[in-house]
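A note on names: the letters A, B, ... follow the listed sequences, proteins ahead of strands, and every chain is numbered from 1. Remember, it's a predicted structure, so these values are computed and weren't measured experimentally.
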Amino acid sequence: GENVEQHPSTLSVQEGDSAVIKCTYSDSASNYFPWYKQELGKRPQLIIDIRSNVGEKKDQRIAVTLNKTAKHFSLHITETQPEDSAVYFCAASIRPDDKIIFGKGTRLHILP
Amino acid sequence: NAGVTQTPKFRILKIGQSMTLQCAQDMNHNYMYWYRQDPGMGLKLIYYSVGAGITDKGEVPNGYNVSRSTTEDFPLRLELAAPSQTSVYFCASSSGAVEKGYTFGSGTRLTVV
């Protein structure tokens, strides 16, 4: 089955700097890669996703890149703000309506 | 719309007891999922369902059972609770549309002592 590895487990960046979280997956059949954000004590929420026919996708300060050949994908957050502090999960799935396998998460701290 | 509703929010069980975690969604989603979240371990899929009457095992199904008799409800049953089942349990549902992603419930924090 699919296995998703995520690094780093913890990341601290100065407010205004960029943050990068990297993930790898094992199943070449995976075609859908969502990212979820979980604030402390709250439920995970989808922030951005990418499908395998696209190499990069942007949404304001957030971007995701995908290298299907190498089976890795990354989340980039620019101009970080205090409200970006949270746990971020990458995930992989064969299709958007299929089961999603999550990475272990990255706890992002934005330092003042 | 209430979205995905989970009950109870908190529960303490003794070893060997059984209980059912309830999950209901009012969005007419076909797809429903149960995950558990342990500290530093991400979200692990327990069971999932692609429609009423259809369920399948996820990554960590041992010690759990599910049923899906209606589109709205997807209860998770714990038989003979063990300390290893102490976790936060999230139910989620999906329409399958890319732009929507999963809608998660607020979670059930379960402690087995």
Side-chain angles (χ1 to χ4, degrees), chain A residues 1-11 21 23-27 30-54 57 59 62 64 66 86-108, chain B residues 2-7 9-10 23 25 27-51 54-61 66 68 71 74 87-109:
Chain A
E2 177 64 274
N3 182 50
V4 178
E5 299 284 343
Q6 183 171 349
H7 300 280
S9 56
T10 305
L11 178 61
I21 301 170
C23 292
T24 60
Y25 62 98
S26 62
D27 190 347
S30 290
N31 283 306
Y32 174 63
F33 307 92
W35 287 85
Y36 283 77
K37 175 183 180 182
Q38 185 179 28
E39 296 177 357
L40 189 62
K42 298 194 175 180
R43 70 197 77 186
Q45 291 192 305
L46 178 71
I47 56 171
I48 196 168
D49 55 25
I50 191 168
R51 301 193 74 168
S52 62
N53 58 349
V54 175
K57 183 177 178 180
D59 183 3
I62 294 174
V64 290
L66 170 65
V87 178
Y88 292 81
F89 293 98
C90 63
S93 173
I94 293 175
R95 301 180 309 273
D97 60 357
D98 199 6
K99 61 185 185 293
I100 286 176
I101 302 302
F102 287 86
K104 293 184 178 180
T106 295
R107 185 172 297 279
L108 176 62
Chain B
V4 178
T5 302
Q6 287 185 240
T7 55
K9 294 192 183 301
F10 304 94
C23 177
Q25 52 92 8
M27 298 170 285
N28 202 32
H29 285 172
N30 283 326
Y31 307 94
M32 295 188 75
Y33 313 85
W34 274 106
Y35 287 88
R36 59 176 287 173
Q37 184 174 30
D38 301 325
M41 296 301 292
L43 293 148
K44 289 292 187 182
L45 181 64
I46 305 171
Y47 271 96
Y48 65 104
S49 170
V50 300
I54 305 170
T55 62
D56 208 346
K57 296 178 180 179
E59 301 170 275
V60 290
V66 294
R68 185 93 183 271
T71 298
F74 191 40
S87 188
V88 178
Y89 291 84
F90 284 100
C91 178
S93 73
S94 168
S95 66
V98 171
E99 66 276 10
K100 298 293 186 183
Y102 282 12
T103 300
F104 281 86
S106 58
T108 294
R109 184 174 296 274

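Scanning all heavy atoms of the two residues, the minimum distance from Ile101(A) to Val4(A) falls at O-CG2, 3.6 Å. Listed here is the closest heavy atom pair of Phe90(B) and Gln6(B): CA-OE1, 3.5 Å.
Ranked by heavy-atom pairs under 4.5 Å with chain A, the list Ser95(B), Ser106(B), Gly107(B), Ala92(B) is led by Ser106(B). Residue with the most contacts toward chain A among Gly58(B), Ser94(B), Gly42(B): Gly42(B) (heavy-atom pairs, distance under 4.5 Å).
When heavy atoms are compared at a cutoff of 4.5 Å, Leu43(B) approaches chain A by way of both its backbone and its side chain. Both the backbone and the side chain of Pro44(A) come within less than 4.5 Å of a heavy atom of chain B. No part of Gln45(A) comes within reach of chain B, as not one of its non-hydrogen atoms sits under 4.5 angstrom from that chain. Contacts of Ile100(A) with chain B are made by both backbone and side-chain atoms, with heavy-atom separations under 4.5 Å. Contact of Val4(B) with chain A is made through the backbone alone, with heavy-atom distances under 4.5 Å.
Between Tyr35(B) and Tyr102(B), the ring planes are tilted. Angles from 30° to 60° get that label.
Residues forming a side chain to side chain contact (heavy atoms under 4.5 Å, CB included) with Ser87(B) (at least two apart in sequence, or on another chain): Arg36(B), Asp38(B), Tyr89(B). Applying the side chain to side chain contact (heavy atoms under 4.5 Å, CB included) rule to Ser26(A) yields the partners Glu2(A), Asn3(A); only residues at least two apart in sequence or on another chain are considered.
Annotation: Lys104(A), atom NZ; neighbour count of heavy atoms from other residues, nucleotides and ligands within 6.0 Å does not exceed 12.
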